[in-house]
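Below: one structure, written as structure tokens.
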Amino acid sequence: MAHVKLHIPGPVEVSEKTFKAFCRPMIGHRGQGFKDLYAAIQPKLQALLYTKQLVYLSTSSAWGVMEGAIRNLVAKKVLNCMCGAFSDKWFDVSKRCGKDAEALQVPWGSPIRAEAVDQKLATGQFDALTVIHNETSTGVMSPIYEIAALKKKYPDVMFIVDAVSSMTGIKLEFDALGIDVLLAGTQKAFAMPPGLAVFVCSPAALAKAATMKDRGYYFDLVEFQKNAEQSMTPSTPSIGHVFALQSKLEDIFAEGLEARYVRHLKLAQMTRAWAAKHGFNLFPEPGFESVTLTCVSNGARPGGRVVDVPKLQKLVKDQGFLIDGGYGKIKGTTFRISNMGDETEATMNQLYAALDGAMKQL
Ligand SMILES: *Cc1c(COP(=O)(O)O)cnc(C)c1O
């Protein structure tokens with residue numbers, strides 16, 4: 001069967017070079033070979049996240065670390081900032097972990113604003129907070145630097161930030177942000193196969209975790225730190241992913257971080273322009289559009305063009321491209337186009353040509 005190229009917001013297309021690295025012969029995860037591998041990529045991971053902390057690798061999808069952060073860091077009550085399917089779900093996950101949790105819900109399409117977070121934290125009820133930087137379901141990027149600035153006012157509140165679909169696509173300076181946990185899965189803007197999460201914790205998060213009795217083992221932050229100090233992971237990692245990550249970091253630094261951020265922004269702007277050309281509105285509140293994907297309104301917002309989304313998807317799929325038909329309660333009234341990972345102006349233009357062709361038949 002011919003491969004259909006992925007322009008859904010994760011997993012995204014994986015390069016031949018990355019796949020080759022992924023498929024290298026196995027090595028032992030307690031041997032010198034693995035330690036050398038992890039030690040070799042550690043400085044690049046630190047440069048990528050602008051941190052002096054050790055960066056951890058978890059063989060899990062992002063949700064593993066998202067749940068683990070709750071188990072490690074919430075003693076009193078967590079404020080879950082909710083603005084779409086993934087961030088809404090985090091509230092549910094907090095409760096399933098047996099934690100006292102409160103929702104800060106804003107309408108889908110709106111960002112989380114620092115003022116609203118400030119108001120909630122001012123009650124003094126919370127010792128942790130979750131925010132999704134790039135809410136993939138709505139294509140909204142929340143102003144994470146403004147939100148993180150609140151950490152100075154509330155130093156005892158653990159700031160847990162999901163950058164699953166933005167990490168590597170936009171600058172996220174962990175140490176300067178001053179937050180406590182920053183995490184991502186590799187199948188989004190890293191353009192790697194799913195199954196690995198990359199994350200970093202503050203010294204304060206590690207100290208807090210050490211006081212938590214029921215933090216479990218698999219996602220124990222203290223174990224991650226202890227092992228990372230030896231260039232190891234707590235349990236057997238997906239070694240293929242670590243080879244793939246080594247290869248991907250080579251690519252990222254060959255291109256240059258700044259160039260990578262500029263490329264992502266430019267491609268997102270091209271997709272927004274494609275949508276405007278065809279009379280569509282965008283779903284996100286203006287000024288908060290994601291740089292890694294575009295969530296196009298298809299009736300979810302007043303005015304603007306409305307098409308048969310499954311038909312649009314089928315017409316572009318027949319030309320070799322997969323786009324997303326909308327997520328959760330905005331399925332069909334939106335559709336999403338990803339530009340994250342390895343895409344270029346040339347590859348995006350091929351997609352727009354296919355979309356243009358499809359639009360003529362709608
Ligand atoms: C994809 C995604 C997740 C979930 O990731 P999994 O890999 O399915 O665990 C969480 N948050 C955001 C913002 C995402 O885009």
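Both backbone and side-chain heavy atoms feed into the values below; hydrogens, waters and symmetry mates do not.
- For the residue pair Asn134 / Thr292, a side-chain donor-acceptor distance below 3.5 Å is found, with atom types taken as modelled.
- Each of Leu45 and Met232 belongs to its own hydrophobic cluster when Ile, Leu, Val, Met, Phe, Trp and Tyr are linked at side-chain heavy-atom distances under 4.5 angstrom.
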### Task
Report the C-alpha distance between Asn298 and Thr334 in whole Å, list the side-chain angles of each, state the deciding distance to 0.1 Å, and finish with yes or no for side chain to side chain donor-acceptor pair (under 3.5 Å).
CA-CA 5 Å; Asn298 185 61; Thr334 61; over 6 Å; no

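- Under a 4.0 Å N-O distance rule, the pair Glu285/Arg113 qualifies as a salt bridge.
- Within the cation-pi definition used here (under 6.0 Å to the ring centroid, within 45° of the axis), Lys152 does not qualify as a partner of Phe159.
- Inspection of the Glu223 and Tyr218 side chains reveals no N or O donor paired with an N or O acceptor under 3.5 Å.
- Judged purely by distance below 3.5 Å, without hydrogens or angles, the side chains of Ser238 and Thr59 never pair a donor atom with an acceptor atom.
- For the residue pair Thr168 / Arg260, a side-chain donor-acceptor distance below 3.5 Å is found, with atom types taken as modelled.
- Using a 4.0 Å cut-off between charged nitrogen and carboxylate oxygen, Lys5 and Glu343 count as a salt-bridge pair.
- Judged purely by distance below 3.5 Å, without hydrogens or angles, the side chains of Ser87 and Glu135 pair a donor atom with an acceptor atom.
- Donor-acceptor pairing under 3.5 Å is recorded for the side chains of Gln225 and Glu229.
- Checking Tyr154 against Asp118 by side-chain atom types alone, a donor-acceptor pair falls below 3.5 Å.
- In this structure, Asp92 does not pair ionically with Lys95, as no charged nitrogen and carboxylate oxygen lie closer than 4.0 Å.
- One finds a salt bridge joining Glu258 and Lys171 here, because a Lys/Arg side-chain nitrogen approaches an Asp/Glu carboxylate oxygen to under 4.0 Å.
- Both Leu312 and Leu351 are part of a single hydrophobic cluster, where members link through side-chain heavy atoms under 4.5 Å apart.
- Ion pairing between a basic and an acidic side chain is recognised when a charged N comes within 4.0 Å of a carboxylate O; Asp308 and Lys314 show no such pairing.
- By the 6.0 Å and 45° rule, Arg336 does not stack over the aromatic ring of Tyr327.
- A salt bridge does not link Asp156 to Lys208: none of the charged side-chain nitrogens sits closer than 4.0 Å to a carboxylate oxygen.
- Side-chain contact of Lys17 with Ser247: a donor-acceptor pair under 3.5 Å is present, judged by distance alone.
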### Query
So Asp180 and Ser202, side chain to side chain donor-acceptor pair (under 3.5 Å) or not? Walk me through it.
CA-CA 5 Å; Asp180 297 290; Ser202 68; 2.7 Å; yes

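- For Asp324 against Gln313, the heavy-atom pair with the smallest separation is C-NE2, 3.6 Å.
- Ser94 and Asn80 share a side-chain donor-acceptor pair at under 3.5 Å.
- For the residue pair Gln269 and His264, no side-chain donor N or O sits within less than 3.5 Å of a side-chain acceptor on the partner.
- At a cut-off of 3.5 Å, with distance as the only test, no side-chain donor of His7 or Ser338 sits close to an acceptor on the other residue.
- Seen from the ring of Tyr38, Lys35 does not count as a face-on cation partner, given the 6.0 Å and 45° thresholds.
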### Task
For the pair Tyr56 and Thr233, evaluate side chain to side chain donor-acceptor pair (under 3.5 Å) and give the outcome as yes or no after the intermediate values.
CA-CA 8 Å; Tyr56 310 141; Thr233 52; over 6 Å; no

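- Ion pairing between a basic and an acidic side chain is recognised when a charged N comes within 4.0 Å of a carboxylate O; Asp356 and Lys360 show no such pairing.
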